[in-house]
*Asks:* 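My questions will all concern the structure given below.
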Amino acid sequence: MDDYYNEQEQWERVKQWLRDNGLWLLAGVAIGVAALVGWRWWEERVERRAVEASTRYQQLLEAFARGDRTRGATLADELRRDYASSPYADQSDLVLARSFVEVGELGKAVERLERVMNGSRDAELRHVARLRLARVQIAQGNLDQALATLAAEKTPGAFAPRYAEVRGDALFAKGDRAAALREYRAARSADQDGVLDAALLDLKIADLEADGVVEAPVDNAKPAG
């Protein structure tokens, strides 16, 4: 009998607890369900937008491949407007910058490259944009500016060989052949992964050596800017 009353009391306590806390319990369940639904919706939205951005980028590549620069530029602007946080927006700016370089519109290329260099979330894309920007500045004759662009990056990491080669190109264009030779040799020795055009780099070094150029000490050829 005592066991019966104990069970009865326990049941009454359970019912009282439900009466006191039922609404909160239901609210908690509802919030949990809503959070799960919201999370799934967000995941689906992110995935859908990634697919949309990828499709738009592919259309951009196809437009440039068939020589339709106007359509390509429009798609690049749409990617930047509609999918600014996507890496495809940065990549589209790089493609468009290359297109501008091909037709001699270097100022427009600079604008696109600077945007990627300063704003991309992807460190590798920032390096690519900086190196291409320096090359465009060399083509513009802005040699000190190109050296300053390169010098502003303090941690080139795996891109160090590329930085050294472009720095050598800027120094060569300035007429500082000894410093250029130093940078070319530094690029060649640092290129352990074969990211550079070794044949071209060796040709640059060989031409300078054939002219009797002696490599400059590091302290004698600091980048300008």
Side-chain angles (χ1 to χ4, degrees), residues 57 61 64-65 87-104 106 109-225:
Y57 181 68
L61 294 178
F64 281 114
Y88 291 110
D90 296 326
Q91 291 171 10
S92 69
D93 273 336
L94 293 177
V95 173
L96 188 54
R98 183 176 61 191
S99 172
F100 285 137
V101 169
E102 289 172 351
V103 296
L106 302 184
V110 166
E111 179 184 349
R112 297 285 174 162
L113 292 170
E114 285 181 337
R115 180 157 63 186
V116 178
M117 180 183 74
N118 295 322
S120 178
R121 299 178 182 179
D122 188 308
E124 290 194 2
L125 290 181
R126 291 198 300 272
H127 281 304
V128 170
R130 185 178 296 276
L131 289 164
R132 292 184 183 179
L133 174 61
R135 288 197 179 280
V136 171
Q137 290 168 335
I138 292 171
Q140 290 176 314
N142 299 327
L143 305 177
D144 288 337
Q145 191 174 1
L147 289 168
T149 294
L150 296 169
E153 177 52 66
K154 305 303 182 184
T155 55
F159 284 79
R162 303 182 196 184
Y163 276 84
E165 183 179 18
V166 178
R167 194 158 45 241
D169 290 343
L171 290 166
F172 183 86
K174 285 189 65 154
D176 194 344
R177 292 152 63 84
L181 178 58
R182 185 197 68 238
E183 294 297 337
Y184 289 149
R185 285 176 173 169
R188 191 69 174 90
S189 62
D191 186 25
Q192 302 299 320
D193 298 325
V195 297
L196 302 179
D197 184 337
L200 177 59
L201 188 53
D202 286 342
L203 182 60
K204 293 177 182 179
I205 294 171
D207 283 348
L208 289 171
E209 291 175 339
D211 289 341
V213 176
V214 178
E215 181 178 325
V218 174
D219 290 342
N220 291 349
K222 292 181 180 178

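Heavy atoms only: backbone and side chains are in, while hydrogens, waters and symmetry mates are out. We're numbering straight along the sequence, starting at 1.
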*Asks:* So which atom in A187 and which in A164 form the shortest heavy-atom distance, rounded to 0.1 Å?
*Replies:*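 A187 and A164 have their closest heavy atoms at CB-CB, 3.7 Å.
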*Asks:* Nearest 0.5 angstrom please: R112 CZ to L96 CG, how far?
*Replies:*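 That separation rounds to 4.5 Å.
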*Asks:* Is the backbone N or O of A186 less than 3.5 Å from a side-chain atom of S189, with the two atoms forming a donor-acceptor pair by type?
*Replies:*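 Between the backbone of A186 and the side chain of S189 there is a qualifying donor-acceptor contact (under 3.5 Å).
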*Asks:* Looking at CG of D176 and CG of L147, how far apart are the two atoms once the value is rounded to the nearest 0.5 Å?
*Replies:*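 Those atoms lie 9.5 Å apart.
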*Asks:* side-chain contact (heavy atoms from CB on, under 4.5 Å) between E215 and L208: does it pass, once the steps are laid out?
*Replies:* CA-CA 9 Å; E215 181 178 325; L208 289 171; over 6 Å; no
*Asks:* Pairs in or reaching into residues 189-212: which pass salt bridge (Lys or Arg N to Asp or Glu O under 4.0 Å), with residues at least two apart or in two chains?
*Replies:*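 Pairs touching residues 189-212 that pass the test: E165-K204, D169-K204, R177-D211, R185-E209, R188-D202.
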*Asks:* List the atom of A179, the atom of A216, and the distance in Å for their closest heavy-atom pair.
*Replies:*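 The answer is N-CB, 3.7 Å.
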*Asks:* Could I get the full list of side-chain hydrogen bond (donor to acceptor under 3.5 Å, both in side chains) partners for T155, not counting sequence neighbours?
*Replies:*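 Per chain and number, T155 pairs via side-chain hydrogen bond (donor to acceptor under 3.5 Å, both in side chains) with E153.
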*Asks:* If the condition is salt bridge (Lys or Arg N to Asp or Glu O under 4.0 Å), which residues does D90 pass it with, not counting sequence neighbours?
*Replies:*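 Checked D90 against salt bridge (Lys or Arg N to Asp or Glu O under 4.0 Å); matches are R80.
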*Asks:* Any idea which heavy atoms bring A146 and A134 closest together, and the distance?
*Replies:*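 Heavy atoms of A146 and A134 come nearest at CB-O, 3.5 Å.
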*Asks:* Only pairs at least two apart or in different chains count here, so list each ring-ring contact (aromatic ring centres under 6.0 Å, His included) that has a residue in residues 128-151.
*Replies:*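 Matches after skipping sequence neighbours: none remain.
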*Asks:* Is the shortest heavy-atom distance from the side chain of L133 to the side chain of V116 under 4.5 Å?
*Replies:*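 Answer no - side chains too far apart.
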*Asks:* According to the side-chain hydrogen bond (donor to acceptor under 3.5 Å, both in side chains) rule, which pairs have a member within residues 123-132, sequence neighbours left out?
*Replies:*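 Found H127-Y163.
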*Asks:* Which value, rounded to the nearest 0.5 Å, describes the distance between M117 atom CE and L94 atom CG?
*Replies:*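 The CE atom of M117 sits 12.0 Å away from the CG atom of L94.
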*Asks:* Let me confirm one number: the CD1-CG distance from I205 to L181, rounded to the nearest 0.5 Å.
*Replies:*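 The distance works out to 7.0 Å.
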*Asks:* Got a sec, which pairs hit ring-ring contact (aromatic ring centres under 6.0 Å, His included) with one end in residues 194-214, sequence neighbours left out?
*Replies:*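 Of all non-adjacent pairs touching residues 194-214, none passes ring-ring contact (aromatic ring centres under 6.0 Å, His included).
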*Asks:* Considering non-hydrogen atoms only, spot the tightest contact between A97 and A109 and give its length.
*Replies:*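 A97 and A109 have their closest heavy atoms at O-CB, 3.5 Å.
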*Asks:* Which value, rounded to the nearest 0.5 Å, describes the distance between L113 atom CG and F100 atom CZ?
*Replies:*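 Answer for the CG-CZ pair, L113 versus F100, is 10.5 Å.
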*Asks:* Looking only at heavy atoms, what is the nearest atom pair of I138 and A173, with distance?
*Replies:*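 That closest heavy-atom pairing would be CG2-CB, 4.5 Å.
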*Asks:* Taking side chain as C-beta onward, heavy atoms only, is L171 less than 4.5 Å from R167?
*Replies:*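 Touching, per the 4.5 Å side-chain cut-off.
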*Asks:* Are F159 and V128 side-chain neighbours, meaning at least one heavy-atom pair lies under 4.5 Å?
*Replies:*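 Yes - at least one pair of side-chain heavy atoms lies under 4.5 Å apart.
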*Asks:* As an exercise, state the distance from CG of L150 to CG of L131, rounded to the nearest 0.5 Å.
*Replies:*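 Reported value, rounded in 0.5 Å steps: 6.5 Å.
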